[in-house]
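Have a look at the structure below, then the notes.
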Amino acid sequence: MDPLVAVVITHTTRHLRRTLLGVAASARRADLVVVSCDGDTGELEACVRASAEEFAMDVTLVLRAHTGQSRSGQVRNNAVRAAMDAGMGDEARIVFLDGDCCPAVDCFARHEELGSGG
C-alpha cells in the first residue's frame, strides 16, 4: 500500500481542531499529517501542538507569513514539499483537506479504493 499523506490547508484555528480530530479518527490512518498555514500566529502553532498531543498523532506544521493576500497555491506547494522532505516518495497518495471540514471516518480508505485504478 502506498503511503498516504493528509494535508490540511488553513489560515485560522476556527475549525482546525475538528478537522484534525477527523483525520485522527480515520479508519485508514495517514502515514503523515501536514498542516500548512497562510499565517504564522502562535495561536495556529498552539492549536496544532495541542491537537496532535490530544489525538496521539504526529503533525508536521508548515507556516508562511501572511502577506495581506491569500496564496493558497503556495501553501499547498509548501505542504507537498514538507511531505517530500519527510521521505514520502513519488508514489505517496496526497489527500488535501480544508481546515474547516471534518472528514468522514472512511474518507482515506474510500480515497484509496476509488483511486486505486488510476
Side-chain angles (χ1 to χ4, degrees):
M1 186 178 324
D2 292 332
L4 186 134
V5 180
V7 171
V8 179
I9 304 299
T10 192
H11 67 279
T12 179
T13 62
R14 187 170 181 187
H15 302 291
L16 184 57
R17 182 187 172 280
R18 180 177 58 190
T19 303
L20 292 173
L21 173 60
V23 170
S26 181
R28 169 32 169 128
R29 294 285 301 241
D31 297 297
L32 176 66
V33 179
V34 178
V35 174
S36 189
C37 303
D38 188 17
D40 57 357
T41 67
E43 186 179 333
L44 282 165
E45 199 169 349
C47 178
V48 169
R49 186 174 36 253
S51 297
E53 184 177 318
E54 180 181 358
F55 307 138
M57 66 179 183
D58 291 329
V59 179
T60 299
L61 176 62
V62 180
L63 299 172
R64 67 171 297 283
H66 188 65
T67 60
Q69 69 181 42
S70 176
R71 305 266 323 257
S72 300
Q74 184 176 3
V75 173
R76 283 189 294 274
N77 289 344
N78 290 346
V80 171
R81 197 172 300 113
M84 299 289 279
D85 289 347
M88 297 291 122
D90 293 340
E91 300 300 315
R93 179 178 303 273
I94 301 176
V95 179
F96 291 93
L97 303 166
D98 287 333
D100 62 354
C101 72
C102 185
V105 71
D106 66 343
C107 173
F108 300 140
R110 290 287 293 154
H111 195 283
E112 285 183 325
E113 179 185 328
L114 293 172
S116 65

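In this text, all values refer to a predicted model and were calculated from it rather than measured experimentally.
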Answer with yes or no whether the hydrophobic clustering places Val48 together with Val23; edges join I, L, V, M, F, W, Y residues whose side-chain heavy atoms lie under 4.5 Å apart.
yes

Can you sort out the partners of Arg49 under side-chain hydrogen bond (donor to acceptor under 3.5 Å, both in side chains), two or more places apart, ordered by chain and number?
none

Can you name the side-chain contact (heavy atoms from CB on, under 4.5 Å) partners of Thr13, sequence neighbours left out?
Glu43, Leu44, Cys47

Considering all heavy atoms, the nearest Ala83-Leu32 contact:
CA-CD2, 3.7 Å

side-chain hydrogen bond (donor to acceptor under 3.5 Å, both in side chains) partners of residues 55-65, not counting sequence neighbours, each pair once
Asp38-Arg64, Arg64-Gln74

Enumerate the side-chain hydrogen bond (donor to acceptor under 3.5 Å, both in side chains) contacts for residues 90-110, please, sequence neighbours excluded, ordered by first and then second residue.
Arg110-Glu113

Give a yes or no on whether Val75 and Val34 share a hydrophobic cluster (residues Ile, Leu, Val, Met, Phe, Trp, Tyr; joining criterion: side-chain heavy atoms under 4.5 Å apart).
yes

Is there a path of hydrophobic side-chain contacts, each under 4.5 Å between heavy atoms of I/L/V/M/F/W/Y residues, joining Leu16 to Val33?
yes

Could you go through Arg76 and Ile9, starting from their C-alpha distance and side-chain angles, then the distance that decides it, and tell me whether this counts as side-chain contact (heavy atoms from CB on, under 4.5 Å)?
CA-CA 7 Å; Arg76 283 189 294 274; Ile9 304 299; 3.8 Å; yes

Run the numbers on Cys37 and Leu61 for side-chain contact (heavy atoms from CB on, under 4.5 Å), then give the verdict.
CA-CA 8 Å; Cys37 303; Leu61 176 62; 3.8 Å; yes

Quick check against the 3.5 Å criterion: does Thr19 have a side-chain atom that pairs as donor or acceptor with the backbone of Gly99?
yes

Non-neighbouring partners of Arg18 that pass side-chain hydrogen bond (donor to acceptor under 3.5 Å, both in side chains), sequence neighbours left out:
His15

Residues at least two apart in sequence or cross-chain that pass side-chain hydrogen bond (donor to acceptor under 3.5 Å, both in side chains) with Thr12, listed by chain then number, are none

To the closest 0.5 Å, what do you measure between CG (Leu21) and OG (Ser26)?
11.0 Å

If every non-hydrogen atom of Val105 is compared with every non-hydrogen atom of Ala25, which pair is closest and at what distance?
CG2-O, 3.1 Å

Looking at Gly22 and Pro103, what are the two nearest heavy atoms and their distance?
C-CG, 3.8 Å

Check for a donor-acceptor pair, side chain of Ser51 on one end and backbone N or O of Leu20 on the other, with a separation under 3.5 Å.
no

Between Val95 and Met84, is there a shared hydrophobic cluster once you connect ILVMFWY residues whose side-chain heavy atoms come closer than 4.5 Å?
no

For Ala52 against Val59, the heavy-atom pair lying closest together
CB-CG2, 3.8 Å

Single-linkage hydrophobic cluster, 4.5 Å side-chain cutoff, Val80 and Leu97 together:
no

Correct closest heavy-atom pair for Arg28 and Phe108 would be O-CD1, 3.3 Å

In Å and rounded to the nearest 0.5 Å, what is the CZ to OG distance from Phe96 to Ser36?
9.0 Å

